[in-house]
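Have a look at the structure below before the remarks.
Since the model is a prediction, treat every value here as computed from it, not as a measurement. All chains are named by letter (A, B, ...) in the order of the sequence lines, taking the proteins before the strands, and each is independently numbered beginning at 1.
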Protein chains: 2
Amino acid sequence: MVEITEVFKMHERGAFLLKDVQVKNCVKLIRIEQGNMTQGELAKMIGVTRQTMNLIEAQKYNPTIKVCLLIAAALHTSIDKLFWMEDEE
Amino acid sequence: MVEITEVFKMHERGAFLLKDVQVKNCVKLIRIEQGNMTQGELAKMIGVTRQTMNLIEAQKYNPTIKVCLLIAAALHTSIDKLFWMEDEE
DNA sequence: TACTATTGTCACATATATATTACTTTTATA
DNA sequence: TATAAAAGTAATATATATGTGACAATAGTA
């Protein structure tokens, strides 16, 4: 896992971070911990489909900040604890 | 401004939050405070266009978590400090 | 005032987040 | 084991985030 300060140094070297960085999340872990709700329940709470929630948990989507804020609220946590950046590969 | 706990109570009442909630941010304020860089400079650092950064600061876009994480890193802060939810209207 | 940098904005094109429907695979539980 | 619930996934459609190019409006500065 790359620290934010480390990622910041990357672009100081001139890299275009948007393409070099990959977003990870622990939504599934926290969903199970927090009340053990299902993907479908969480999805319904925030107003997206179960399939969308599935893809977000599988880290195949780059969700919008709106959806992320709603997930964080539903799981009683913060975005900073749910999503972070890693190096590509 | 609506507290996260308050927003959470909304969906406990059965609301579909995705359509009822609106995302606000203070990117422009923090960009000026943090080294007084321009929209164009910030955009280049994270690899989006100046126009995209302009629309994000004007709160006309619902940016992806990836872009938000990069903005937070570039501005030496966290997503939780840059983005929050408010009631529609 | 004049000149320049910065910001705002528009029209159009493209990529992708999300929805919908349906099906298979896995997990839990009787 | 058998059955159902949950999760994974695929195809297709739609909405929208983002890119590109251009130009107007604003702010800063000589």
Side-chain angles (χ1 to χ4, degrees), chain A residues 11 14-75 79 82-86 88, chain B residues 11 14-75 79 82-86 88:
Chain A
H11 76 63
F16 288 119
L17 293 185
L18 194 57
K19 42 185 174 184
D20 297 334
V21 152
Q22 165 174 16
V23 175
K24 300 277 184 174
N25 74 75
C26 56
V27 171
K28 181 168 190 169
L29 177 70
I30 305 299
R31 170 174 61 82
I32 304 298
E33 283 181 5
Q34 287 278 347
N36 202 33
M37 69 177 87
T38 69
Q39 275 183 2
E41 286 167 346
L42 178 56
K44 190 176 186 183
M45 283 170 65
I46 73 175
V48 298
T49 63
R50 182 183 63 81
Q51 289 82 342
T52 292
M53 189 57 58
N54 186 283
L55 289 166
I56 290 172
E57 287 189 355
Q59 320 198 95
K60 290 172 180 167
Y61 270 167
N62 175 24
T64 60
I65 183 73
K66 196 174 195 176
V67 170
C68 295
L69 280 165
L70 290 168
I71 294 173
L75 297 181
I79 289 193
L82 288 176
F83 298 89
W84 64 89
M85 292 188 280
E86 287 189 7
E88 192 88 319
Chain B
H11 78 63
F16 287 121
L17 293 185
L18 194 56
K19 41 185 172 183
D20 297 332
V21 152
Q22 164 174 16
V23 176
K24 300 277 184 175
N25 74 75
C26 57
V27 171
K28 182 169 189 168
L29 177 70
I30 304 299
R31 169 174 61 81
I32 304 298
E33 283 182 5
Q34 287 278 349
N36 202 33
M37 69 178 90
T38 69
Q39 277 183 2
E41 285 167 347
L42 178 56
K44 190 176 186 182
M45 283 169 66
I46 74 176
V48 299
T49 63
R50 181 184 64 81
Q51 290 86 337
T52 292
M53 188 56 57
N54 186 283
L55 289 166
I56 291 172
E57 286 190 354
Q59 321 199 94
K60 290 172 180 168
Y61 271 167
N62 175 23
T64 59
I65 183 71
K66 196 175 196 176
V67 169
C68 294
L69 280 165
L70 290 169
I71 294 174
L75 297 181
I79 288 192
L82 288 176
F83 298 88
W84 64 89
M85 292 188 281
E86 286 190 9
E88 193 88 319

(request) Indicate, with a heavy-atom threshold strictly under 4.0 Å, whether T49(B) touches base, sugar-phosphate, or nothing. (result) base
(request) With heavy atoms under 4.0 Å as the rule, sort Q51(B) into base, sugar-phosphate or nothing. (result) base
(message) Would the distance check show the side chain of N62(A) and the main-chain N or O of T64(B) forming a donor-acceptor pair, the cut-off being under 3.5 Å?
(response)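 Such a contact is absent between N62(A) side chain and T64(B) backbone.
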(request) Kindly say whether A58(A) contributes a backbone atom to a donor-acceptor pair with the side chain of K28(A) at under 3.5 angstrom? (result) no
If I take atom [atom1] in residue [X] and atom [atom2] in nucleotide [N], what distance separates them, rounded to the nearest angstrom?
X      : N       : atom1 : atom2 : answer
I65(A) : dA17(D) : CD1   : P     : 13 Å
I71(B) : dA17(D) : CD1   : C1'   : 13 Å
F83(A) : dA17(C) : CZ    : C1'   : 13 Å
R31(B) : dG8(C)  : CZ    : C1'   : 12 Å
I32(A) : dA5(D)  : CD1   : C1'   : 13 Å
Q39(A) : dT25(C) : CD    : C1'   : 13 Å
Q59(A) : dT16(C) : CD    : C1'   : 18 Å
N62(B) : dT16(D) : CG    : P     : 10 Å

Heavy atoms only: give me the nearest [X]-[Y] pair and the separation to one decimal.
X      : Y      : result
I65(B) : C68(A) : CB-SG, 3.7 Å
L82(A) : A72(A) : CD1-CA, 3.6 Å
L75(A) : V27(A) : CD1-O, 4.0 Å

Below 4.0 angstrom from OP1 or OP2 of [N], is there any side-chain N or O of [X]?
X      : N       : value
T52(B) : dG19(D) : yes
N54(A) : dA7(D)  : no
K28(B) : dG8(C)  : yes

(message) I need the M53(A) CE to L42(A) CG distance, nearest 0.5 Å.
(response) 4.0 Å
(message) Let me spell it out: for each of L55(B) and E41(B), pick the nucleotide of DNA chain C with the closest heavy atom. Which residue's pick is nearer the 5' end?
(response)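 Result: E41(B).
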(message) Both I56(A) and E57(B) contact DNA chain C. Which one's nearest nucleotide lies toward the 5' end?
(response)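 On the 5' side of the pair lies E57(B).
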(message) Using a 4.0 Å heavy-atom cut-off to protein, can you give one letter per nucleotide of nucleotides 23-30 of chain D, 5' to 3': B if the base is in contact, S if only the sugar-phosphate is, - if neither?
(response) --------
(request) Decide side chain to side chain contact (heavy atoms under 4.5 Å, CB included) for K60(B) and N54(B); before the verdict, give the C-alpha distance in whole Å, the side-chain angles of both, and the deciding distance to 0.1 Å. (result) CA-CA 9 Å; K60(B) 290 172 180 168; N54(B) 186 283; over 6 Å; no
(request) For the side chain of K60(B), starting at C-beta, report the closest nucleotide among dT9(C), dT9(D), dG8(C). (result) dT9(C)
